[in-house]
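Hydrogens, waters and symmetry mates are skipped; everything else that's a heavy atom, side chains included, is used.
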Amino acid sequence: QVQFVESGGGSVQAGGSLRLSCVVSGLRQNAVCTGWFRQAPGKEREAVANIAIPTSGGAAYYADSVKGRFTISQDSAKRAYYLQMDSLLPEDTAMYYCAVRYGICGAVLRPSQYQHWGQGTQVTVSS
């Protein structure tokens with residue numbers, strides 16, 4: 001059974017930072033693509049970033065809206081991955097989800113392409 005432990009959400013003012021963490025266990029294979037998605041009320045779930053675990057040297061993917069502000073990283077030994085969010089904006093307010101897919105990373109952005117999902121953690125940015 002695949003299990004996720006997500007943490008790090010919270011409330012900050014615009015310009016602040018948060019770091020989301022996701023530890024995953026129970027995967028049927030070691031090499032996977034891990035991603036972060038977000039969903040604001042009334043909007044569709046959208047991809048934020050993804051990265052391979054363990055990284056094969058390939059570049060991480062970022063949505064245009066977060067490039068230069070968010071950084072995804074991973075620790076394959078801990079089966080953990082992280083989303084460092086800096087220079088947060090009110091429009092970053094959403095529920096953030098970690099997700100895993102058995103396959104390549106890169107421009108694999110549709111939620112339906114990810115097989116396993118965390119429970120979500122709320123990020124609220126006030127102006």
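- With Thr124 contributing its side chain and Thr93 its backbone, the two residues share no donor-acceptor pair below 3.5 Å.
- Pairs of residues two or more places apart, or lying in two chains, that qualify as ring pair (Phe, Tyr, Trp, His ring centres under 6.0 Å) and include a residue from residues 88-108 are Tyr102-His116.
- Counting all heavy atoms, side chain and backbone alike, Leu109 lies closest to Ala47 at O-CB, 3.7 Å.
- No donor-acceptor pair under 3.5 Å is formed between the side chain of Arg79 and the backbone N or O of Asp75.
- Listed by chain and residue number, Ser112, Gln113 satisfy the side-chain contact (heavy atoms from CB on, under 4.5 Å) test with Arg110 (two or more places apart in sequence, or in another chain).
- Here Glu46 pairs with Arg38 under the salt bridge (charged side-chain N to carboxylate O under 4.0 Å, His left out) rule; sequence neighbours left out.
- Looking only at side-chain heavy atoms (C-beta outward), Val24 and Val2 come within less than 4.5 Å of each other.
- Taking the side chain as every heavy atom from C-beta outward, Val66 and Met85 never approach each other to under 4.5 Å.
- Rounded to the nearest 0.5 Å, atoms CD1 (Ile51) and OG1 (Thr71) are 10.0 Å apart.
- Scanning for side-chain contact (heavy atoms from CB on, under 4.5 Å) contacts around Glu44 gives an empty result, with sequence neighbours left out.
- Two residues are said to be in side-chain contact when any heavy atoms from C-beta on lie closer than 4.5 Å; Phe4 and Val100 meet this criterion.
- Taken to the nearest 0.5 Å, the CD atom of Gln115 stands 6.0 Å off from the CZ atom of Arg101.
- Put simply, the side chain of Leu88 reaches to within 4.5 Å of the side chain of Phe70, judged on heavy atoms.
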Just list the side-chain donor-acceptor pairs under 3.5 Å for residues 11-22, sequence neighbours left out, or say none.
residue	atom	partner	partner atom	Å
Ser17	OG	Asp86	OD1	2.7

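- Within the structure, ring pair (Phe, Tyr, Trp, His ring centres under 6.0 Å) pairs that include any residue of residues 12-51 comprise Trp36-Tyr81, Phe37-Tyr114, Phe37-Trp117 (at least two apart or interchain).
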Evaluation steps, side chain to side chain contact (heavy atoms under 4.5 Å, CB included), between Gln84 and Ile72
CA-CA 6 Å; Gln84 177 66 41; Ile72 189 171; over 6 Å; no

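- Between Leu83 atom CG and Glu6 atom CD the span is 10.5 Å, to the nearest 0.5 Å.
- Counting all heavy atoms, side chain and backbone alike, Gly103 lies closest to Cys33 at O-CB, 3.5 Å.
- The environment of CD1 in Ile104 is sparse: at most 12 heavy-atom neighbours from other residues, nucleotides or ligands sit within 6.0 Å.
- Around the CD atom of Gln1, the shell of radius 6.0 Å holds no more than 12 heavy atoms that belong to other residues, nucleotides or ligands.
- Across all non-hydrogen atoms, the minimal contact from Ala60 to Tyr62 is CB-CE1, 3.9 Å.
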